[in-house]
Enquirer: 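Below is one structure. I have some questions about it.
Just so you know, these numbers come straight off a predicted model, no measurement behind them.
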Amino acid sequence: METAIVAIICVALIVLGGMTMSQGFLSSVDTTTLSLDELGDRDAEIMRTEISALTATWSSLTNTLEVSLSNTGQVKLASFSKWDVIVQYYTNSSYSVQYLTYTNGTLGSNEWKKEGIYQDSASKEAEVFDPDILNPAEEIIIQAKLDPPVGYDSTNLVVVCTPNGVPATKSFAGPSS
């Protein structure tokens, strides 16, 4: 009789331990599945995101670079403070690579801002749907102030990257001497 009670307690402990282990296993499988779903969603968003650089022009009068981009993908883009703008250019005396920071106000040295979002950036036809969001088929103009300024007769490059890592590049020329 005493061995039967010990056997019942042992079986109960084994069943309880097995249930605890299976609950931990199922919990870890659930967490992994959710992580894979999030990864798939992020990858799908990246696949649907595309921006194209239309123009990049340097103004030596104001030391500003103006870049127009088009949202050619299917994803609405915003959070401009999370965008990356990198300019590789030649000054009159050296080669410079600048990571520009975003600003909402007046441009300072090595800063960029959103000048505006348009249906057509060339004619500056204003956007009408979702203000301050770059919808598919809309265009954005960004302005950047570079210090030191771009050198004469140089070929340079600007890279603009969305928060999910989709880039657009465009070369631009320095002023003529």
Side-chain angles (χ1 to χ4, degrees), residues 38-177:
E38 289 174 5
L39 187 61
D41 291 345
R42 190 185 79 204
D43 286 346
E45 182 177 312
I46 290 171
M47 294 296 288
R48 293 188 330 265
T49 303
E50 187 174 347
I51 58 173
S52 301
L54 301 174
T55 62
T57 54
W58 171 255
S59 170
S60 53
L61 295 174
T62 58
N63 285 345
T64 57
L65 173 65
E66 189 170 280
V67 181
S68 63
L69 304 159
S70 176
N71 183 351
T72 53
Q74 302 167 354
V75 175
K76 295 179 180 183
L77 300 170
S79 302
F80 298 107
S81 62
K82 295 180 182 176
W83 288 38
D84 294 318
V85 177
I86 302 168
V87 183
Q88 302 173 29
Y89 66 102
Y90 291 94
T91 67
N92 286 329
S93 61
S94 66
Y95 177 72
S96 182
V97 177
Q98 298 290 337
Y99 176 85
L100 307 179
T101 55
Y102 178 75
T103 184
N104 279 327
T106 305
L107 280 176
S109 293
N110 299 321
E111 291 183 334
W112 74 276
K113 71 175 184 175
K114 171 184 59 114
E115 190 272 325
I117 298 176
Y118 305 98
Q119 289 183 20
D120 180 30
S121 61
S123 65
K124 295 206 175 180
E125 182 182 342
E127 68 172 331
V128 292
F129 183 69
D130 286 340
D132 292 330
I133 295 176
L134 184 61
N135 293 303
E138 288 184 337
E139 298 174 2
I140 185 172
I141 295 177
I142 64 172
Q143 293 177 333
K145 188 168 196 133
L146 301 176
D147 186 34
V150 173
Y152 291 104
D153 300 320
S154 60
T155 301
N156 312 285
L157 183 71
V158 60
V159 179
V160 180
C161 191
T162 64
N164 60 4
V166 176
T169 61
K170 187 70 175 176
S171 61
F172 64 96
S176 298
S177 54

Enquirer: For Thr155 and Tyr90, which heavy atoms make the closest approach, and how far apart are they?
Expert: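 Minimum heavy-atom contact is O-CD1, 3.7 Å.
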Enquirer: Atom SG in Cys161, atom CH2 in Trp83: separation rounded to 0.5 Å?
Expert: 9.5 Å
Enquirer: List the steps and the verdict of side chain to side chain contact (heavy atoms under 4.5 Å, CB included) for Lys145 and Glu111.
Expert: CA-CA 6 Å; Lys145 188 168 196 133; Glu111 291 183 334; 5.9 Å; no
Enquirer: Less than 4.5 Å apart, side chain to side chain, heavy atoms only: is that true for Asn63 and Trp58?
Expert: yes
Enquirer: To the nearest 0.5 Å, tell me how far Gln98 CD sits from Asp147 CG.
Expert: 8.0 Å
Enquirer: Is there a side-chain contact between Leu157 and Thr169 (heavy atoms, below 4.5 Å)?
Expert: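 Leu157 reaches Thr169 side chain to side chain.
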Enquirer: Output yes when a side-chain donor or acceptor of Ser154 lies under 3.5 Å from a complementary backbone atom of Asn156, and no otherwise.
Expert: no
Enquirer: Side-chain donor-acceptor pair under 3.5 Å between Ser68 and Thr55, yes or no?
Expert: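 A pair is found: one side chain offers a donor N or O, the other an acceptor, under 3.5 Å apart.
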Enquirer: With sequence neighbours left out, what residues match Lys113 under salt bridge (Lys or Arg N to Asp or Glu O under 4.0 Å)?
Expert: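 In terms of salt bridge (Lys or Arg N to Asp or Glu O under 4.0 Å), with neighbours along the sequence ignored, Lys113 is linked to no residue.
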Enquirer: Would you check if Asp132 and Lys114 make a side-chain contact, meaning some heavy-atom pair closer than 4.5 Å?
Expert: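 A side-chain contact under 4.5 Å exists here.
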Enquirer: In chain order, what residues pass the salt bridge (Lys or Arg N to Asp or Glu O under 4.0 Å) check against Lys76, with sequence neighbours excluded?
Expert: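 Partners of Lys76 by the salt bridge (Lys or Arg N to Asp or Glu O under 4.0 Å) criterion, ordered by chain and then number, come out as Asp130.
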Enquirer: Nearest 0.5 angstrom please: Lys82 NZ to Leu77 CG, how far?
Expert: 13.0 Å
Enquirer: Indicate the atoms forming the closest heavy-atom contact of Ser171 with Ala56, along with that distance.
Expert: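 Here Ser171 and Ala56 meet closest at O-CB, 4.1 Å.
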Enquirer: Find the distance between CD1 (Ile117) and CD (Glu139) and round it off to the nearest 0.5 Å.
Expert: 11.5 Å
Enquirer: What I'd like to find out is whether the side chain of Phe80 reaches to under 4.5 Å of the side chain of Ile140, using heavy atoms alone.
Expert: yes
Enquirer: Hey, does Pro136 have a side-chain heavy atom less than 4.5 Å from the side chain of Val75?
Expert: no
Enquirer: Once you round to the nearest 0.5 Å, how far does OH of Tyr95 lie from CD of Gln88?
Expert: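 Nearest 0.5 Å value for the OH-CD distance: 3.5 Å.
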Enquirer: Set out, in order, the CA-CA distance, both residues' side-chain angles and the distance that settles side chain to side chain contact (heavy atoms under 4.5 Å, CB included) for Lys170 and Leu69, then state yes or no.
Expert: CA-CA 10 Å; Lys170 187 70 175 176; Leu69 304 159; over 6 Å; no
Enquirer: Less than 4.5 Å apart, any side-chain heavy atom of Asn71 and any of Glu138?
Expert: no
Enquirer: Of all the heavy-atom pairs spanning Pro167 and Val159, show the shortest one and how long it is.
Expert: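 Shortest heavy-atom separation between Pro167 and Val159 comes out as CB-CG1, 4.5 Å.
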Enquirer: Any side-chain heavy-atom pair from Pro175 and Val150 closer than 4.5 angstrom?
Expert: yes
Enquirer: For side chain to side chain contact (heavy atoms under 4.5 Å, CB included), just list the numbers for Ile51 and Ser70, CA-CA rounded to whole Å, side-chain angles, deciding distance to a tenth of an Å, and then say yes or no.
Expert: CA-CA 6 Å; Ile51 58 173; Ser70 176; over 6 Å; no
Enquirer: For Leu146, which of Thr91, Leu100, Thr64, Val158 qualifies under side-chain contact (heavy atoms from CB on, under 4.5 Å)?
Expert: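 For Leu146, the side-chain contact (heavy atoms from CB on, under 4.5 Å) check succeeds only for Leu100.
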Enquirer: For Asp120, enumerate each residue passing the salt bridge (Lys or Arg N to Asp or Glu O under 4.0 Å) test, keeping only those at least two apart in sequence or located in another chain.
Expert: none
Enquirer: CD/Gln119 to CG/Asn135 distance, rounded to the nearest 0.5 angstrom?
Expert: 10.0 Å
Enquirer: Using only heavy-atom distances, determine whether the side chains of Asp84 and Tyr99 contain a donor-acceptor pair under 3.5 Å.
Expert: yes
Enquirer: Does some side-chain heavy atom of Leu65 sit less than 4.5 Å from a side-chain heavy atom of Tyr89?
Expert: no
